[in-house]
Protein chains: 2
Amino acid sequence: MSENVGRWLRDEIENAILSSEFVPGERLDETVLANRFGVSRTPVREALMQLDAIGLIEIRPRRGAVVIDPGPHRIYEMFEVMAELEGLAGSLAARRLDKTSRDAITASHSRCEQSAGAGDSDAYYYDNEEFHKAIYAASRSDFLQEQCVQLHRRLRPYRRLQLRVRNRLSTSFLEHCAIVDAIFAGNGDEARRLLRTHVGIQGERFSDLVASMAAR
Amino acid sequence: MSENVGRWLRDEIENAILSSEFVPGERLDETVLANRFGVSRTPVREALMQLDAIGLIEIRPRRGAVVIDPGPHRIYEMFEVMAELEGLAGSLAARRLDKTSRDAITASHSRCEQSAGAGDSDAYYYDNEEFHKAIYAASRSDFLQEQCVQLHRRLRPYRRLQLRVRNRLSTSFLEHCAIVDAIFAGNGDEARRLLRTHVGIQGERFSDLVASMAAR
DNA sequence: AATGCCATTCTTGTATACACAAACATTGAC
DNA sequence: GTCAATGTTTGTGTATACAAGAATGGCATT
């Protein structure tokens, strides 16, 4: 538990939303949450305000707080921005690569290879996250890294859905290989291009996403 | 005044920070702010929590809230990300341009021409903002637009400093012309490239920034 | 004279209480 | 029978009070 009840609650509720325990559109009642976490209403309100400021929930006066439902179109837009930011991270990483970052990328990349080879989509989901985070870190831009991590978190539930799609595991890993090659070769433009298409959701992948969202 | 005191205060304090009334490093005392705005401490805390969640201030447990001092390096990183996002907005705008957006861009562009011609850097500062917002809107991506506006707001004070630099007004306007041409020609890649260099701060412009920050 | 410890004060953090607004239901009138 | 108005209940919004922790200053001791 964090040093501060409000902040702890914020993280707790944020995780509950990102892990789909609280689904989009769901009403978040202050007293219910207060009872559930064994605190008074005040820190709950503080946490909700912060989540509202971040954009995860919406507090409408006298209507209560509800989890924001982004909808397929907005999800697409978010992936579009994510692709752009990851592309930038990749191109910076290619230029600024040092040994530490290189080792981190190599390590997470080979973990991806293992879980992809085993067809373990849950393990790959986790290793993939580490791989991308290693690239953010390699960009050597703290701000960019923070932005990427934040967006990555918000897109997490949908990314998980995507991995369920047939053959996506091996395709994803092959793309990783090319990305690693480009970064290690110092080819920033190529790394950017590859990451943009790797992260973005074009054509059929968008309909896969919509379909899996609807199936939920 | 907004429908909600906490939210109103958040905007109020945010503006005070972005207009450099509260400078980086400054301590924000809850009771002082409460007295100043004629409200109790509770809504002030709510506002501060939200600003903390956004990343404008930092609340350290039992140490109070201070305005975050980004420092030159982080400012540079923020401009770097901004350049990337604006590039994306420009490339999408070039692809998706419709009459409404085209008119909005043309209108704000000619206002820039007037204020640049008159050498009125304060007017240009405002018109320039509208010009860039018109491009965000033309991207037809709500999420991208929101991200751009938010970052634009946070970088506002530094952008203002930059415009003071000699000849920057006319240079900036010439760049705008090329950007408009590329977007209207439907040349997304060119619009992206031009916006990236227009917004980013390379070489001497970075030292200009650092110098003007130090002079403050 | 310097350093360490204790106490006091200030500030944040949490909870409770009170007030206001909105929505829904019930009753009365047309 | 239907519509409107009023009252009650529920839930949000704000403020105040109380508690806990951290920092600073002073005093005492070495």
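Predicted model only: the values in this text are computed from it and were never measured. Chain identifiers are assigned alphabetically (A, B, ...) following the order of the sequence lines, protein sequences preceding nucleic acid strands; residue numbering begins at 1 within each chain. All values below were derived from every heavy atom in this structure, side-chain atoms included, with hydrogens, water molecules and symmetry-related copies excluded.
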Distance, rounded to the nearest Å, where A:Leu9 contributes CG and C:dG13 contributes P: 14 Å
Atom pair distance, as rounded to whole Å: CZ in B:Arg7 and C1' in D:dT14: 15 Å
Pairing of B:Arg196 and B:Glu84 as salt bridge, 4.0 angstrom limit: yes
Nearest-Å distance for atom pair CD/C1', residues A:Glu30 and D:dT14: 12 Å
Under the salt bridge (charged side-chain N to carboxylate O under 4.0 Å, His left out) test, residues paired with B:Arg95 that sit two or more places apart: none
Atom-to-atom span, CZ of B:Arg10 to P of D:dG13 - whole angstrom: 14 Å
B:Ser115 side chain to B:Asp127 side chain, donor-acceptor N/O pair below 3.5 angstrom: yes
Partners meeting side-chain contact (heavy atoms from CB on, under 4.5 Å) with B:Ser139 (sequence neighbours left out): B:Ala89, B:Leu92, B:Ser141, B:Leu144
Spacing between A:Phe37 atom CZ and C:dT14 atom C1', to the nearest angstrom: 17 Å
Rounded interatomic separation in angstrom, taking CG from B:Asp29 and P from C:dT9: 18 Å
Using a cutoff of under 3.5 Å, can you pull out all pairs of nitrogen or oxygen atoms linking the protein to nucleotides 17-25 of chain D, with atom names and distances?
from: D:dA23; atom 1: OP1; to: B:Arg63; atom 2: NE; distance (Å): 3.1

For atom CD of A:Glu58 and atom P of D:dT12, their distance in whole Å: 15 Å
Set of side-chain hydrogen bond (donor to acceptor under 3.5 Å, both in side chains) partners for A:Arg156, sequence neighbours left out: A:Glu129
DNA chain D contacts made by residues 42-52 of chain B, counting heavy atoms under 4.0 Å: B:Thr42, B:Pro43
Within residues 71-110 of chain B or reaching into it, pairs that qualify as ring pair (Phe, Tyr, Trp, His ring centres under 6.0 Å) - sequence neighbours excluded: B:Tyr76-B:Phe206, B:His109-B:Phe131, B:His109-B:Phe173
Sequence-distant partners of A:Tyr136, side-chain hydrogen bond (donor to acceptor under 3.5 Å, both in side chains), two or more places apart: A:Glu86, A:His152
Residue list, side-chain hydrogen bond (donor to acceptor under 3.5 Å, both in side chains) with A:Asp29, at least two apart or on another chain: A:Thr31
Selection from D:dA15, D:dG11, C:dT14 that lies nearest to any side-chain heavy atom of A:Arg27: D:dG11
Partners passing side-chain hydrogen bond (donor to acceptor under 3.5 Å, both in side chains) against A:Arg140 (at least two apart in sequence or in another chain): A:Asp98
